[in-house]
Amino acid sequence: MSAHMFRRTALTLKMLILTAALGVAVWLVSDSHHTRSLKELFHERLAERFSLEAQEHRTRFDRHVRIHTQAAKMLAGSQMMLDYLHGEPWEGRDAQSVQYHVDPPGWMPAHSVLRPFVVPRYALLLDSEGRVRELYHWDQTVPSPDLLTPSALVLALSRGQSYLTRLEAGPYLLSSEPVMLGGELVAILMLAAPIDSGFLRESQALATTPHTVALLSEGADRILVSSDPNAVPDGIRLSELSDLYLTVGKGFFDYGSSDLVIRFASFIPLQEVSDLTQAALDRAREQRIMITAAFGVTFMLLIYLLTRRVRALTQRVVEFSSHMAVKQDRTDSRDELDILEDRFKTLTSAIMRETEALEYQASHDPLTDLPNRKLLNDRLQNELLRSGFTGAPLVLMVSDLDHFKEINDTLGHHVGDLVLQQAAERLYKTVRKADTVARLGGDEFSMLFPDTTLEQGLKIARQIGRVFESPFAVEGHNLNVGISIGIAEFPAHGDDVNILMQRADVAMYAAKQNGLTYAVYDPGKDTHHVSRLELLSDLRRAIETGSLECHYQCKLDIESGRVTGAEALLRWDHPDRGMIHPDELIPLAEKTGLIRPLTNLVLRKALQECARWRESGLDLSVAVNLSAQCLREDSLLDTLRRCLDEFRLPASACVLELTESDMMADPLRAKEILMELDVIGVRISVDDFGTGYSSLAYLKQLPISEIKVDRSFVREMLEDENDLVIVRAIVDLAHNLGIRVVAEGVHSREVLDMLARLKCNEAQGYFIRKPVPGDELLTWLQSEAR
Ligand code: C2E
Ligand code: CA
Ligand code: CA
């Protein structure tokens, strides 16, 4: 199997192959090791056993030899012998010839009497001179010729003991005994036996383990005689037998006397040894095979279960990916772990990308790509901390563009955006790398200059002023866009982020009022500051006493022509200043932290009004506008739940409007809160759609039920082809995602008709109805219904 193919195989199979290969290798190594050590062990044990047996063989041989001596003693001292020697035949015999007996002669008892000793091969009766007179030979065997003429030495050496000697015919065992009569030697009895294979066999006749035994002649490595000449032939070298036999019990013969120095050996056939070993090995191997098989099966089961878990995990990753709208490509080519790794990598890198993007979006303005207010605040905070330690000066500027509102209103959003982008670029190019240029919102920019004195700051402000002198070339227009800069410095004007920002802001208003490019904060002339402070305390009181009001602008369902709901819009009838519109109020509330109580108040008033409409039989919903800051804390959810409860309204009666940029200010937090709102059942609407830069991928993940096309697109939809294209695209796109579309700022019948053709769901605008107090809207709707 090639490496490539192996990689493509499923995990279970791959593990199986690996296990099998590894198992076989380990098995082979361990088996050979095991076999070797077992064999050694067996050989040791067997050698021990065999040497015991060999010892037994030796003992038997020795006893067999000794029995000849005892037999000779018994014969020589027997009454039969004495009787015979008294008798005529012995006295009168011719001394020259030897008398041969085939049957036991008169001086020998019957075989049956002799059997407990030994039936001698040869029994010789010699006269007192040592001449052989009679010979009994068993089975007519022929004795060695020199046996018939034994020397005096031989007779002396064999007397009363076993004597091993070499005669002409080979090695012999001799054992002689004097026969005494009245204290006088009358004859000598001698038993003789050739030490041949028969003798050796007889010696081992009663052995429990009838192995081959042999005698070796001294000095030579050769077999003198063996009990089985077929197996161990005479004259063969011991070394030639090492392949066939285990030779044990080698030792010198040490009984009686001998002029032959001979050794004794037992031969155990190696076949027998290996048969015994093999049987034991086979048993051990069987056991090992069973254990290995059990292990193998268990291991495979584990692998199988593991693979299933891996697959399940992969499935979870895939599901989570699709939940996160992360595309997972098909990969069916590799094993489960690879696939899991792949999917996981895809998912994590997508999440990381998304997170990075969200983090960037959270801290940057999408239009100009500059840091936003949040990031500027963070940096200012850090720089203030650092300057607090080092005492380094710091300059903060807040600026806004002159006449920007007119440009936006007369030339449209698109041109306004381009002007903002160019302005951002000019500012960015004027400052150093260490400085920060941020867009605070609208046409407001702020610049932070660390390690900068006021003097240096003024220089930079003049330079910015010059940079803004040349007109902005946008879409064929040459636009003169001035800039007003407010300057505050640390530590002279404050050491706190909010105070420095506020004072730079005050300085900017002063610059604007006086028609200057820049102005430094002057506490003495902080009249704007004073009036804003008054307004602020008035607003705080108004919120506390609930003396703010809402006007309601209805939403018309285009297809049915019926009013389905109304949007609550904040109004403040200031005792001295008259009606103050939200465009002025909301930024002030947002900057001073009053936006939360304000929103809670509006929410309460709007839901109360909605409950009144419903009591009058009008099935309407109410929409409330939220600020970005409302998403940062939980009191919104609490207020909402409490009010819905108090006025007995279903959650579906409430719509919350949020602009794209509000959602993008802190996308992760926004997502969290919107999900919770969705769980309650409150609908979410994206306000001023088309003016922000939110990613659709992000919006897609949010539980949004409605999009409101910004009125700047709707206003000139019939005159400007571009706007019409945009509105149509938004409607199609939203419908694709299952989201309803509301058009804002509908101010004529023609626009409404066009929206109907575009299949826009709802419309809102002065043509349908201006925002009016709740009672007025109720009366109007009741009269319409009639
Ligand atoms: P918005 O949410 O886009 O509200 C619609 C604004 O467009 C309202 O201005 C409304 O009077 C105006 N409008 C409606 N139809 C037409 C039309 O046909 N032509 C034109 N030219 N204008 C039309 P309004 O009441 O001055 O509110 C301004 C903005 O202030 C609102 O814009 C909203 O973003 C914010 N706002 C109002 N009330 C609240 C509030 O309670 N809380 C918060 N956070 N913001 C609010
Ligand atoms: Ca709105
Ligand atoms: Ca709007």
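Count residues from 1 along the sequence. For ligands, and for the atoms within them, numbers begin at 1 and follow the listed sequence.
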Decide if atom CZ of F647 counts as having more than 12 heavy atoms of other residues, nucleotides or ligands within a radius under 6.0 Å.
-> yes
Specify whether F713 and H413 have parallel, tilted or perpendicular ring planes, treating 30° as the upper limit for parallel and 60° as the lower limit for perpendicular.
-> parallel
Counting N and O atoms only, with roles assigned by atom type, does the side chain of N514 sit under 3.5 Å from a partner on the main chain of A510, one being a donor and the other an acceptor?
-> yes
Identity and distance of the protein heavy atom lying nearest atom 18 (O) of ligand 1 = Y766 N, 2.8 Å
For ligand 1, which atoms have a heavy atom of G765 less than 4.0 angstrom away?
-> 15 (N), 18 (O)
At the Ca ion (ligand 3), what's the angle from E744 OE2 to D687 OD1, rounded to 10 degrees?
-> 80°
Only heavy atoms count here, so choose which of D687, T599, L585, I768 is nearest to atom 2 (O) of ligand 1.
-> D687
Among L603, N625, I586, which one has a heavy atom closest to atom 33 (C) of ligand 1?
-> N625
Note: E744, heavy atoms under 4.0 Å from ligand 1, region reported as side chain
Would you mind running through ligand 1 and noting each atom that sits below 4.0 Å from a heavy atom of D688?
-> 3 (O)
Are R749 and D753 within salt-bridge range, i.e. N to O under 4.0 Å?
-> yes
Mode of V624 contact toward ligand 1 - side chain, backbone, both, neither (heavy atoms, under 4.0 Å) = neither
Near H581 (heavy-atom distance under 4.0 Å), the atoms of ligand 1 are 26 (O)
At under 4.0 Å between heavy atoms, what of R711 touches ligand 1? The answer is side chain
Would you mind listing which atoms of ligand 1 come within a distance below 4.0 Å of any non-hydrogen atom of E567?
-> 2 (O), 4 (O)
May I ask you to check whether S685 brings an N, O or S atom to under 3.0 Å from the Ca ion (ligand 2)?
-> no
Judged by modelled atom types alone, do D662 and T659 share a side-chain donor-acceptor pair under 3.5 Å?
-> yes
Donor + acceptor pair across side chains of H735, N761 (<3.5 Å) | yes
With atoms numbered from 1 as shown, which atoms in ligand 1 lie under 4.0 angstrom from a non-hydrogen atom of S627?
-> 44 (N)
If you count the atoms of ligand 1 from 1 in the order shown, which ones are under 4.0 Å from a heavy atom of G745?
-> 16 (C), 17 (C), 18 (O)
Return the orientation label for the Y360 and H364 ring planes: parallel under 30°, perpendicular over 60°, tilted otherwise.
-> parallel
Please check if any side-chain donor atom of T368 sits under 3.5 Å from a side-chain acceptor atom of Q421, or the reverse.
-> no
Metal check, the Ca ion (ligand 2) vs E567 N/O/S, cut-off below 3.0 Å | yes
Please determine, by modelled atom types, if E356 and Q361 share a side-chain donor-acceptor pair under 3.5 angstrom.
-> no
Can you find a protein heavy atom under 4.0 Å from atom 9 (O) of ligand 1?
-> no
min-distance N/O/S atom, E657 vs the Ca ion (ligand 2), resolves to OE1
Side chains of E567 and Q764: is there a donor and an acceptor less than 3.5 Å apart?
-> yes
Can you pull out the closest protein heavy atom to atom 11 (O) of ligand 1? Residue, atom name and distance to 0.1 Å, please.
-> P771 CG, 3.4 Å
For atom 15 (N) of ligand 1, which of H747, Q764, Q553, R571 has the closest heavy atom?
-> Q553
Purely on distance, is any nitrogen or oxygen of P582 under 3.5 Å from one on ligand 1?
-> no
Of the choices D583, L598, L626, which has the non-hydrogen atom that lies closest to atom 28 (C) of ligand 1?
-> D583
Counting heavy atoms only, which part of V602 comes closer than 4.0 Å to ligand 1: side chain, backbone, both or neither?
-> side chain
Count the heavy atoms belonging to other residues, nucleotides or ligands that lie under 6.0 Å from CD of E559, then report whether that count exceeds 12.
-> no
Whether over 12 other heavy atoms sit under 6.0 Å from D495 CG | no
Using only N, O or S atoms, tell me which atom of D688 is closest to the Ca ion (ligand 3).
-> OD1
Atom 38 (N) of ligand 1 sits nearest the protein heavy atom L570 N, 3.0 Å
Residue, atom name and distance, where the atom is the protein heavy atom closest to atom 31 (C) of ligand 1 = L569 CD2, 4.2 Å
Should the pair E444-K405 be classified as a salt bridge under the 4.0 Å nitrogen-to-oxygen rule?
-> no
Pair Q553, K770: side-chain N/O donor-acceptor within cut-off below 3.5 Å | no
Output the distance between atom CG (D417) and atom CG (N408), rounded to the nearest 0.5 Å.
-> 7.0 Å
